[in-house]
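The basis for the numbers below is simple: all heavy atoms, side chains too, and nothing from hydrogens, waters or symmetry mates. The first residue in the sequence is number 1, and the count goes up from there.
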Amino acid sequence: MSKTKPAQAGKSLLTKGLSLSFLTLCSRILGLVREMTKAKFLGTSALGDAFGIAFQVPNFCRRLFAENSVSVAFIPTFKKYLVSQEEGNSGRTATQEFLNATFTLVSFFTASLVATGMIFSPLILRVFFPDESAGAFGEAVVLTRIMFPYLVVISVAALFQGILNGHKLFSPSGFTPVLFNAIVIAMTYILAPRMATPARAMAVGVIAGGSVQAAFQLPFVFRCGWHLSFTSLRKAFSNPGTRTVLRLIGPTVIGMAAYQLNDIVSSALATRAGEGVYSSIQYSLRLQELILGICAVTVSTLILPDLTGFAQKKQWDSFCSMLALAVRIISLIAIPITFFSLVMKESIITLVFKSGRFDVASIRMTQEVFSFHIAGLLFIAVNRVVAPAFYAQQDTKSPTVAGLINFAVNMLLAFSLSLRFGGAGIALALTVASLVNMIFLFVFLRRNPVIDVGMVVRSSLLYMLKLAVMSAIAVIPVWLLRDRLLALFAGKGRLFSHGLPLCLTALLFGGLGVLMLLVTKDEILSSLVRKVRRRRG
């Protein structure tokens, strides 16, 4: 692999980022349609609860092991094999043996977990349904046993994604969630009239969608020159690569478990803070996660292979330049969105959620929570971008420790602030804890003396300050015109009365922002403009 100049890496990052962001946006839109399909067939009935809990069980295992393990442990290890192979330090056979060993362990562990889970599904579901005589319990057991094998196919799909990402191929994996959502929607409509319950039709759609996610990526893995086959468990466990992966996974599982516990405790506090508080927090977090899923996850996925390559080759200047660029890109997205959302929050929440029982009081309650959640958007986004800098160095302990500190701060603040401010206090606690987490990540990054953390922080803070000033200027006309536009389109239905003002103010805000970036000759925007001009030429 030849030396990659930071500028060239930046252009590549922007190009691939746009492509992956578009695919992620398509996936999120179809995900919303999938939720609408679920609401149409299951509603908020006991059957809907049964499906939600049954899908949550294998999905929890997926989040805890599959995705986490691939991004944190497999990709850096696989990238190390590729770099070593390119430099002539190891042969292709060693890399192939590592892939076969990993494929064997993934299949063995997930199949064992699925078999155990299917046998003991009634015991597992007692955590969620204390009363076995409840109508939802029996159906939940059936649905859990239908969907538990989803863990196997989605874990294999995650492994395929790791291989492709290691080769800097992101589009095939980015497209698979689109396929998954489309298949679940289609199977639900096709099979619902032919099965005992529509929930079982949707469960079959989940299995079919997960299987397609794995199958779709396999030809691209072959195209990269790899084939996957089973090996003996003895060879799989003794392979030095898989031993490295297993060693790296341990601390991250602890950190992820802490995150899940964080969510559980926060939910418990929310239910005690008053009626509707928990729901308003979930609505607010869904909006925040929609934004994070499109920008932060995309950027963090793209930079991990490059950071790993720079770390393996000891190209620390390029490593720091790439990290600083990633932080600036995520700031360019998060800061303007934060300012615009704070001013237009009522219209956003009304347009997305208002219907049925989600009335004016619900909008007001969600607004209060959303104001504090969106204020922490930048901190959470930066955390998700900086974490790959540790994974690229095969350091999983530092982000885990930072996550545990985040958990402690969040719980302490959430408990104290919820007593006085309710849901808003819980949201504020999450924002402050995310800021603390970000600070500790940069502090831990300084432990590596060859990484110029000072340069990354200085360049990032100056760029953030510039964006904050520009966003504050651009949002002033939005604030001045908001009420007039809402009054102009009032009484014409939710889509028009709030959708049109949102579109018009977003165009105004975005236009002013782009104009100021062009005037100041912003490096990131200029790079994007040059690339567009070259393509047209």
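- With rounding to the nearest 0.5 angstrom, the CD1 atom of Ile473 is 5.5 Å from the CE atom of Met516.
- Contact of the Phe415 side chain with the Met411 side chain is not registered, since no non-hydrogen atoms from C-beta on lie closer than 4.5 Å.
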Does Phe109 form a side-chain contact (heavy atoms from CB on, under 4.5 Å) with Ser155? I'd like the steps, not just the answer. CA-CA 10 Å; Phe109 280 128; Ser155 297; over 6 Å; no
Take Phe55 and Tyr150 through the ring pair (Phe, Tyr, Trp, His ring centres under 6.0 Å) test and state the conclusion after the steps. CA-CA 9 Å; Phe55 185 55; Tyr150 170 75; 5.7 Å; yes
What verdict does the side-chain contact (heavy atoms from CB on, under 4.5 Å) test give for Leu428 and Leu413, after you've listed the backbone C-alpha separation in whole Å, the side-chain angles of each residue and the deciding distance to 0.1 Å? CA-CA 8 Å; Leu428 176 59; Leu413 290 177; over 6 Å; no
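- Across every non-hydrogen atom of Phe339 and Ala468, the tightest pair is CZ-O, 3.7 Å.
- Taken to the nearest 0.5 Å, the CD1 atom of Ile374 stands 7.5 Å off from the CD1 atom of Ile337.
- Between Met455 and Ala324, the shortest heavy-atom distance links the atoms SD-CB, 4.4 Å.
- Paired with Asn383 under the rule side chain to side chain contact (heavy atoms under 4.5 Å, CB included), one option of Leu441, Leu435, Leu378, Ile330 passes, and it is Leu441.
- Between the CZ atom of Arg328 and the CD atom of Glu523 there is a distance of 5.0 Å, given to the nearest 0.5 Å.
- Taking all atoms of both residues into account, the shortest heavy-atom contact from Ala433 to Asn406 is O-ND2, 3.2 Å.
- Side-chain N or O atoms of Ser347 include none that pairs as donor or acceptor with a backbone N or O of Met344 at under 3.5 Å.
- Inter-residue side-chain proximity for Arg364 and Val360 is flagged as met; some heavy-atom pair is nearer than 4.5 Å.
- At a threshold of 4.5 Å between non-hydrogen side-chain atoms, the residues Leu417 and Ile426 do not count as touching.
- Side-chain contact between Phe440 and Leu445: absent, with no pair of heavy atoms (C-beta onward) separated by less than 4.5 Å.
- The side chain to side chain donor-acceptor pair (under 3.5 Å) analysis of residues 461-476, with sequence neighbours excluded, yields the pairs Tyr463-Asp522, Lys466-Asp522.
- Using a distance-only test at 3.5 Å, with no hydrogens or angles considered, a donor-acceptor pair links the side chain of Arg482 to the main chain of Val343.
- At least one donor-acceptor pair closer than 3.5 Å links the side chain of Gln288 to the backbone N or O of His373.
- Between atom CD1 of residue Ile349 and atom CG of residue Leu351 there is a gap of 11.0 Å, rounded to the nearest 0.5 Å.
- In terms of heavy atoms, Phe74 sits closest to Val245 at CA-CG2, 4.2 Å.
- Rounding to the nearest 0.5 angstrom, the gap separating the CD1 atom in Ile380 from the CE atom in Met438 is 11.0 Å.
- Remark: side-chain polar atoms of Thr520 are paired, donor with acceptor, to backbone N or O of Leu517 under 3.5 angstrom.
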Would you sort out whether Val478 and Phe340 count as a side-chain contact (heavy atoms from CB on, under 4.5 Å), showing the intermediate values? CA-CA 8 Å; Val478 173; Phe340 181 79; 4.2 Å; yes
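- Two residues are said to be in side-chain contact when any heavy atoms from C-beta on lie closer than 4.5 Å; Thr366 and Lys345 fail this criterion.
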Worked verdict on Phe489 versus Phe496 for ring pair (Phe, Tyr, Trp, His ring centres under 6.0 Å): CA-CA 7 Å; Phe489 295 104; Phe496 287 96; 8.3 Å; no
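- In plain terms, the two heavy atoms of Cys320 and Asp452 that are nearest each other are SG-N, 3.2 Å.
- Between Leu481 and Leu504, the closest side-chain pair of non-hydrogen atoms is not below 4.5 Å.
- Heavy-atom minimum distance, Ser121 versus Thr144: OG-CG2, 3.6 Å.
- Annotation: the span from Leu512 atom CG to Leu508 atom CG amounts to 5.0 Å, rounded to 0.5 Å.
- When side chains are defined from C-beta on, Arg447 counts as touching Phe444, because their heavy atoms get closer than 4.5 Å.
- Put simply, the side chain of Val456 reaches to within 4.5 Å of the side chain of Phe442, judged on heavy atoms.
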